[in-house]
Amino acid sequence: MTDSKTFSPLDLDTPEKPYLDANELVINMGPQHPATHGVLRVILRLDGEKVLGLECVIGYLHRGVEKIAENRTYTMFNPYVDRMDYVAAVSNGLGYCEAVEKLLNVEAPPRAQYIRVILTELNRIASHQLWLGTHALDIGAITPLFYTFRDREEILKIFEKYCGARLTTHAFRIGGLQYETYNGFEQDVKNFISFFKPKIDEYEELLTTNRIWLERTKGVGVISGKDCIALGVTGPVLRASGVKWDIRKAQPYANYKNFEFEIPTGASGDTYDRYMVRMIEMRQSVRILEQAVAGIPEGPIMAKVPKVMKPPVGEVYHSIEAPKGELGYFIVSDGSTQPYRVRVRPPSFVNLQALDLMCRGQLVADVIAVIGTLDIVLGEVDR
Amino acid sequence: MVAKFKREYGSGIEPLTYVGQNYMVVDRSLIPEILQRLRDEEQFDYCVDLTAVHYPKREKQFDVVWVLYSFSRNERMRVKTQIADGESLSSSVSIWPTTNWLEREVFDMFGIKFDGHPDLKRILLPEGWKGYPLRKDYNILQQDSEWVQINLGIESGQ
Amino acid sequence: MQELLNYISSYLSSDQTPGGAGNFLWALIYILLVFAGLSVAVIAMNWLERKILAHMQVRLGPMRVGPHGLLQPFADALKLLLKEDIMPDEADKLIFWVAPFIVTLAAFTVFVVVPFGPTHAITDMNIGILFMLGVSSLSVLGIVMAGWASNSHYPLIGALRSSAQMVSYEVAMGLAVVSAILMTSLNQQGTGTLSMIGIVEAQQAQGTWFVFKLFPLGLIAFFIFAVAMVAETNRAPFDLPEAESELTAGFHTEYSGFRWSLFFLAEYSAMIAVSSIAVTLWMGGWLRPFPNALSGSTWNLVFSLFPGITFLFLAGMCFYSTARMPKHPYFRIQTAGLAIFGALLALIALVLFIPAVRVRIQDIYWFCIKVAAFMYLYIWYRGTFPRYRFDQLMKVGWKILLPMGLGVLILTAFFGLWSTTHTNLWHP
Amino acid sequence: MAPVATPFFFYMLSGIMLLGGIVVITRKNAVHSALALIVTLLAQAALYLMLYAPFVAGVQIILYAGGIMVLFLFVIMLISIERSQKERQFNKQWLVGIAAAAALGGLFIAVYTKGKSLFPEGQLTYAEAGNTQAVADLLYGPHSGMYMFAFEIASLLLLVAIIGAVVMAKKRI
């Protein structure tokens with residue numbers, strides 16, 4: 001470790017002194033490590049297997065997305081946002097498009113809104129599936145990974161049919177949508193709903209009551225709601241700590257106010273609660289999908305937007321509930337075709353900050369569980 | 001709330017609204033106090049984001065922006081201040097621990113220093129990198145070719 | 001020629017193991033046979049594990065090398081042997097070099113006393129089970145050495161975990177074994193045995209497998225052993241020493257190529273070894289089902305047909321798969337290969353139907369089938385369970401299995417004594 | 001089993017033992033010493049086998065090579081090897097050490113030269129088949145179970161040692 005005094009984000013107890021004068025072990029977890037979900041490097045300070053403190057070293061995947069934005073027009077930058085949180089590309093696109101729409105003072109037509117919600121919720125499910133598979137794999141259960149990937153495939157197929165891309169979809173345009181839905185889109189979504197409902201039970205059957213899973217996740221990586229707010233942690237992690245806050249409900253965007261769904265919360269803020277919250281969120285997403293697919297109105301899919309976009313001088317902050325938490329865009333316009341400044345408020349980046357707090361006093365194996373449960377995507381952490 | 005602050009601080013604070021979003025431009029000297037009061041008195045307990053914008057032609061080159069949210073009021077608020085190059089701000093880590101990394105990122109990208117930050121160092125770029133990429137005078141193709149040559153062994157710097 | 005055949009048949013019909021008879025030639029032949037069989041078993045296990053796990057996880061597993069990936073283990077072995085053998089610069093060269101050999105040797109040596117049949121063992125030691133436990137406990141040395149000599153953090157933590165884990169679970173394992181040994185003494189003479197062959201013969205004499213002896217005591221002891229043996233072999237859900245998501249690969253992180261393959265070989269043969277212990281101690285070893293209840297020449301004939309039928313079934317599966325192969329010129333060689341493999345299995349089945357062979361081979365067959373069932377369990381565990389955390393692992397070992405083992409041991413002694421002195425306890 | 005090439009195996013194992021013992025005390029690296037000690041212990045177990053005491057040999061392997069030495073290694077691995085390598089190998093008690101070694105050597109020589117008169121030559125009874133039973137009989141048997149009490153007391157002593165170690169190592173109980 002470069003500095004033995006790791007900063008403490010909160011007023012934490014000083015790391016417990018090892019009783020015997022045993023050597024502190026400093027371990028470099030990553031950037032190439034099976035459990036760091038990409039290129040995260042965690043410097044662990046261990047007493048035996050107990051974590052005394054840790055420091056995250058990030059930036060290995062830094063591509064300067066914000067700098068690129070300043071050198072592209074508003075439309076040209078749209079595909080780049082997909083590359084941040086690449087497992088939830090649709091959500092990124094939604095946030096960006098809505099932020100620019102706010103600057104332009106236009107609103108996407110209702111039909112576009114509905115299709116946006118459908119695709120975003122499908123993407124939320126896909127993101128949670130990927131999280132579940134990798135998280136379970138980190139804890140040692142191999143099989144859920146393959147189950148979730150099998151089912152995620154169905155979602156990706158819908159994406160592919162809709163816009164031709166599976167991962168970095170670039171599904172939305174500023175002002176609405178580029179493409180009308182293909183023939184049988186509604187049917188595909190309905191099929192997916194009926195296909196996916198029993199699959200969640202299947203995942204839960206493998207894990208929810210598994211004794212080892214319970215032992216590995218209950219009471220691990222506990223974070224209180226107060227700490228979550230202080231550290232700016234959002235998304236399922238915040239909700240698992242008992243704070244009932246979801247931007248979809250608190251400050252509805254798109255047309256989420258038209259849909260009925262619950263915000264699941266946990267009580268203890270441990271890894272198991274976060275697991276349960278995400279499982280229930282998947283079910284709630286299915287619920288939204290059911291309502292959305294039943295109510296798609298007819299009409300145009302694109303609002304009236306100028307070919308060359310020149311938003312008036314001003315600035316806007318718009319945030320949405322991405323699968324990982326609050327995804328915000330702060331866009332400053334100087335009246336030209338290119339944004340003057342685009343700031344992305346990445347949920348993974350801010351959530352990752354809580355890792356140190358959540359891992360102190362736990363064991364090495366718990367660090368893995370906590371990294372998995374934070375559900376970070378390094379593409380978004382580093383941008 | 002904003003009116004109250006305006007009354008108390010007078011010209012040091014200027015409340016504004018754009019497309020329905022409130023923000024206030026605050027004088028640099030008032031920043032620590034305003035932020036502290038926003039959290040303690042107005043329940044802006046969640047600092048969503050902290051970032052900066054560079055205006056090279058201005059005398060005070062940087063806008064530093066705090067995006068705040070209050071759970072109890074369900075309300076967002078932005079606090080903005082202007083500082084010149086080389087000036088520093090007092091760190092708000094003690095107010096919102098989340099600004100720890102956010103301040104590091106602003107330092108990393110713009111070179112704005114925060115006094116009292118526990119560990120102000122580069123976060124996304126490697127230690128020892130020269131230049132601050134998100135400043136407007138930093139070209140998009142530009143990079144610290146010396147660093148690249150030394151650390152990565154790439155001669156051309158690309 | 002005739003003399004030779006006479007010699008062979010007279011040896012085979014004698015009731016001694018080569019070691020017991022002090023016959024070097026036969027001992028050598030048996031050693032070669034056992035190790036060749038073991039290698040084949042490891043190869044088969046490798047393929048089966050990947051296939052079965054794959055099918056549990058809705059995927060296909062190896063499909064490219066040979067029909068249904070049958071040749072995949074050979075391709076892997078070739079790759080590992082040809083791979084560059086990397087030794088870390090800062091490693092302790094000698095220990096790094098020796099460690100995999102110690103692990104492999106320990107895993108293989110155990111098979112010296114494994115009884116595949118009343119005479120099908122390399123030797124029958126007076127202290128057979130003790131020897132097995134002792135030698136298999138040596139493999140932890142190799143793991144510790146490997147972890148330490150790599151001079152790297154992950155292997156070191158893996159080695160520390162491994163040594164703590166194996167030493168802890170040996171205690172529970174030993175208690176379970178002792179209660180099984182105690183059961184061998186529940187006869188009129190009151191004398192037990194540590195010999196592997198003696199243990200199986202005691203089960204035959206007492207007319208029950210020890211799993212069902214003094215129900216449920218035997219079952220509990222067996223359960224303790226079954227848990228401890230998974231931990232001893234570092235397999236899921238106790239695979240912490242090589243937990244890939246935490247320690248990349250644990251103690252063999254720094255190993256590659258041939259040396260790594262030795263660890264792999266050792267792990268699989270250790271799995272087979274502990275399963276053999278479990279089978280010998282609790283599942284009646286080489287005994288066929290119901291040797292006493294369903295005796296008589298008819299039943300003997302029926303049970304002796306099983307090996308041939310099994311191979312016929314496998315051959316049938318092969319032919320069925322051959323028929324289902326895609327009819328495309330690209331798959332021509334693979335289809336032919338699968339058919340030949342099926343034919344080979346059918347040929348083996350036919351050989352196994354020859355009366356002289358099927359009588360001799362039957363013991364080995366039943367033993368192997370029982371061990372294979374355990375192997376399947378290993379794979380099943382791996383597909384189902386998440387991994388334990390280290391403190392939980394220790395908790396299971398010391399706070400659950402150890403008291404349970406002690407309790408079972410005491411109760412076995414108590415009820416064993418009771419049942420031998422008051423023989424009409426169960427039938428008053 | 002009839003003995004085969006007994007002198008050869010005896011000298012080979014003794015040689016391994018001696019060599020191992022020398023390596024144990026000369027290596028600077030504690031892990032190497034421990035490994036040499038394991039080799040010594042294994043050779044010793046083989047010698048027990050040659051004495052037709054398979055039970056003792058088995059116990060030797062399980063307890064010493066498999067159990068105690070693993071714990072030794074466990075502890076040694078956690079110690080900084082670099083530091084211990086720099087420490088001086090021989091300390092100031094080398095005079096005492098030489099004296100003790102000389103005394104032991106003298107004893108050995110005396111036994112070797114006068115051994116025949118000191119220890120009456122007896123016929124070795126091969127107890128291979130019943131060795132384990134013989135040990136058990138001696139310890140607990142109905143006829144000569146005189147060591148039972150001593151055996152149990154010894155295990156109690158070990159228990160005391162274990163509890164003591166726990167008390168010393170743990171901060172709070």
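None of these values were measured; they are calculated from a predicted model. Each chain gets a letter, A, B and so on, in the order the sequences are listed, and its residues count up from 1.
Summarising the local packing, CZ of F223(C) is surrounded by 12 or fewer heavy atoms from other residues, nucleotides or ligands at distances under 6.0 Å. Annotation for K197(A): atom NZ does not count as buried by contact number, only 12 or fewer foreign heavy atoms lying within 6.0 Å.
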Using distance only, find each side-chain donor-acceptor pair of residues 50-61 of chain C under 3.5 Å and give its atom names and separation, not counting sequence neighbours.
| unit_1 | atom_1 | unit_2 | atom_2 | d |
| --- | --- | --- | --- | --- |
| R50(C) | NH1 | D76(C) | OD2 | 2.4 |
| K51(C) | NZ | L60(C) | O | 3.0 |
| K51(C) | NZ | P62(C) | O | 2.8 |
| Q57(C) | OE1 | R59(C) | NE | 3.0 |
| Q57(C) | OE1 | R59(C) | NH2 | 2.8 |
| Q57(C) | NE2 | T143(A) | OG1 | 3.4 |

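Here the side chains of I212(A) and R387(C) are not in contact, with every heavy-atom distance at 4.5 Å or above. Between E215(A) and Y388(C) there is a side-chain heavy-atom pair separated by less than 4.5 Å.
Rounded to the nearest 0.5 angstrom, T384(C) OG1 and L207(A) CG are separated by 11.0 Å. One distance of note links CG of N210(A) with CZ of F385(C); it measures 6.5 Å at 0.5 Å rounding.
Against chain C, the residues from residues 147-157 of chain A that qualify, each with a non-hydrogen atom under 4.5 angstrom away, are Y147(A), R150(A) in number order.
Of the two parts of V367(A), neither the backbone nor the side chain holds a non-hydrogen atom closer than 4.5 Å to a non-hydrogen atom of chain C.
Annotation for V364(A) and R161(C): closest pair CB-NH2, 4.3 Å, computed over non-hydrogen atoms. Pairing each heavy atom of R389(C) with each of A365(A), the nearest pair is CG-CB, 3.5 Å.
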